[in-house]
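Take a look at the structure set out below.
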Amino acid sequence: MPELPEVEVTRRALAEELTGDRLQGVVIRTLKLRLPIPSDLPVLLQGRTLQEVGRRGKYLLFRLDNGWLIIHLGMTGHLRVLPASMAAGKHDHLDLLFGGGRILRFTDPRKFGTVLWSGGEPHAHPLLADMGPEPLEEGFDGEYLHALSRSRSVAVKQLIMNSSVVAGVGNIYANESLFRSRLRPSRSPHSLSREECGALAVAIREVLAESILQGSTIMNFRVAEEPLRYHPLDFRVYGRGGKPCFDCGGMLEEIRLGNRSTVFCPHCQK
DNA sequence: AGAATTACCTGAGCGC
DNA sequence: TGCGCTCAGGTAATTC
């Protein structure tokens with residue numbers, strides 16, 4: 001489950017490795033992801049040059065001469081740059097062939113990933129058009145969260161995981177940022193003060209930025225041929241239900257919120 | 001409009 | 001060793 005930091009680290013690695021290179025071929029092994037891969041992708045991509053690699057939330061945006069290839073890694077997807085001679089495995093769904101015998105290979109066992117094409121601005125694509133602000137950019141702050149939260153009835157954790165509220169905050173970082181800001185995941189948004197909303201916005205920005213920094217530091221300079229890993233040792237609460245809180249030593253509690261695994265410290269988080 | 005539910009998919013972990 | 005079961009989870013589509 002690549003979250004925003006992993007997607008950003010991938011973006012940087014691919015931009016470094018592939019920007020300016022020409023796409024020489026496309027191999028699609030199945031169109032049947034959760035949403036079908038556009039069948040005319042080979043025609044659209046063949047011979048085009050990669051101009052830049054961007055990101056919106058957890059969507060990777062590859063700008064070609066004639067439009068944008070949009071890829072979401074879903075739960076289990078990853079992208080690697082490999083020698084073209086590398087045999088394809090069971091879950092290798094898409095290869096983009098570049099010069100120098102390199103392929104950009106999309107692999108996704110659970111097929112929750114998404115491959116789209118946009119002829120124009122990718123932000124206008126229907127699946128991206130309604131996304132909220134980028135958490136690491138201007139426009140996402142405590143005031144914004146506070147204003148938005150007045151009329152919402154879901155738990156605050158569900159609020160920040162809503163992509164129309166803020167882009168790219170998934171389950172792991174929602175848990176982590178709520179712990180950092182000392183807020184219970186089940187809190188009603190309209191109960192949050194301006195100060196609490198501010199602390200939450202800061203916490204979200206911090207946990208994401210720190211994870212990107214850490215991921216970048218360990219990133220293989222030549223682009224990992226192994227999928228990027230998470231940094232499970234760094235998580236303070238995610239995956240640690242029943243274990244001691246790093247801050248107070250009390251036992252972390254695990255509940256379900258919106259059918260998502262939710263971990264918090266009942267002592268530290270109010 | 002916002003909230004809740006469903007659907008998609010397969011590896012991993014479990015009990016037996 | 002292998003079978004059957006349950007679970008995990010991002011997000012689009014659908015329903016309430």
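All of these numbers come straight from a predicted model, not from anything done at the bench. The sequence lines fix the lettering, A, B, ..., with proteins before strands; numbering per chain opens at 1.
The CG-P distance, from N259(A) to dA7(B), rounds to 13 Å in whole Å. Straight-line distance from the CD1 atom of I255(A) to the P atom of dA8(C): 14 Å, rounded to whole Å. Atom CZ in F106(A) sits roughly 14 Å away from atom P in dC9(B) (whole-Å rounding). Rounded to an integer number of Å, the gap from E6(A) CD to dG9(C) C1' is 14 Å. The separation between M75(A) atom CE and dT10(B) atom P is 14 Å, rounded to whole Å. Going from atom CG of L73(A) over to atom P of dT10(B) covers 17 Å, rounded to whole Å. Between the CD atom of E3(A) and the P atom of dT11(C) there is a distance of 8 Å, rounded to whole Å. Spacing between atom CG of N171(A) and atom C1' of dC7(C) amounts to 14 Å, rounded to whole angstrom units.
Stacking between F112(A) and dC8(B) is present: the aromatic ring centre lies within less than 5.5 angstrom of the base six-membered ring centre, and the two planes differ by under 30 degrees.
Computed from C1' positions of five pairs at each end, the angle between the two local axes of the helix from dG2(B)-dC16(C) to dC16(B)-dG2(C) equals 40°, rounded to 10 degrees.
Around the NZ atom of K32(A), the shell of radius 6.0 Å holds no more than 12 heavy atoms that belong to other residues, nucleotides or ligands.
For residues 2-26 of chain A, no residue pair satisfies the ring pair (Phe, Tyr, Trp, His ring centres under 6.0 Å) rule, not counting sequence neighbours. For residues 134-160 of chain A, there are no ring pair (Phe, Tyr, Trp, His ring centres under 6.0 Å) pairs, not counting sequence neighbours. For residues 86-98 of chain A, the pairs satisfying side chain to side chain donor-acceptor pair (under 3.5 Å) are R29(A)-D95(A), D92(A)-T107(A), D95(A)-R105(A), with sequence neighbours left out. Applying the salt bridge (charged side-chain N to carboxylate O under 4.0 Å, His left out) definition to pairs two or more places apart or across chains, those involving residues 189-201 of chain A are E143(A)-R194(A), R187(A)-E196(A).
Remark: the R260(A) side chain and the dT11(C) base include a donor-acceptor N/O pair separated by less than 3.5 Å.
Under the side-chain contact (heavy atoms from CB on, under 4.5 Å) test applied with P122(A), the options I70(A), L127(A), L69(A) reduce to a single match, I70(A). Of the candidates V169(A), L183(A), L257(A), K157(A) forms a side-chain contact (heavy atoms from CB on, under 4.5 Å) with just one, namely L257(A).
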Mind listing the N/O atom pairs, protein and nucleotides 1-4 of chain B, below 3.5 Å?
| unit_1 | atom_1 | unit_2 | atom_2 | d |
| --- | --- | --- | --- | --- |
| dA3(B) | OP1 | S153(A) | N | 2.6 |
| dA3(B) | OP1 | S153(A) | OG | 3.1 |
| dA3(B) | OP2 | R152(A) | NH1 | 3.2 |

Shorter than 3.5 Å, N or O on both sides, protein versus nucleotides 12-16 of chain C: list them out with atom names.
| unit_1 | atom_1 | unit_2 | atom_2 | d |
| --- | --- | --- | --- | --- |
| dA12(C) | OP1 | Y59(A) | OH | 2.2 |
| dA12(C) | O4' | R34(A) | NH1 | 3.3 |
| dA12(C) | O4' | R34(A) | NH2 | 3.4 |

Detail all sub-3.5 Å separations between protein N/O atoms and N/O atoms belonging to nucleotides 12-14 of chain B.
none

N/O donor-acceptor pairs under 3.5 Å from side chains in residues 244-254 of chain A, not counting sequence neighbours:
| unit_1 | atom_1 | unit_2 | atom_2 | d |
| --- | --- | --- | --- | --- |
| D247(A) | OD1 | R236(A) | NH2 | 3.3 |
| D247(A) | OD2 | R182(A) | NH2 | 2.3 |
| E254(A) | OE2 | S261(A) | OG | 2.6 |

Show the atom names and distances, to 0.1 Å, of all donor-acceptor pairs under 3.5 Å that link a side chain in residues 42-52 of chain A to residues at least two apart or in another chain.
| unit_1 | atom_1 | unit_2 | atom_2 | d |
| --- | --- | --- | --- | --- |
| Q46(A) | NE2 | Q24(A) | O | 2.8 |
| Q51(A) | NE2 | D65(A) | OD1 | 2.5 |
| E52(A) | OE2 | R63(A) | NE | 2.7 |
| E52(A) | OE2 | R63(A) | NH2 | 3.4 |

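Classification of R12(A) and E8(A) as a salt-bridged pair holds, one side-chain N sitting under 4.0 Å from a carboxylate O.
Of the N and O atoms on the side chains of D130(A) and S164(A), not one donor lies less than 3.5 Å from an acceptor on the other residue.
No donor-acceptor pair closer than 3.5 Å links the side chain of S188(A) to the backbone N or O of H190(A).
For the OP1/OP2 pair of dC9(B) and a distance below 4.0 Å, the side-chain nitrogens and oxygens of K32(A) include no atom meeting the criterion. Between dT11(C) and K58(A), a contact under 4.0 Å exists linking OP1 or OP2 to a side-chain N or O. An OP1 or OP2 oxygen of dG9(C) is reached within less than 4.0 angstrom by a side-chain nitrogen or oxygen of Y238(A).
R110(A) pairs by the salt bridge (charged side-chain N to carboxylate O under 4.0 Å, His left out) definition with nothing, not counting sequence neighbours. With sequence neighbours left out, H72(A) forms a ring-ring contact (aromatic ring centres under 6.0 Å, His included) with Y59(A).
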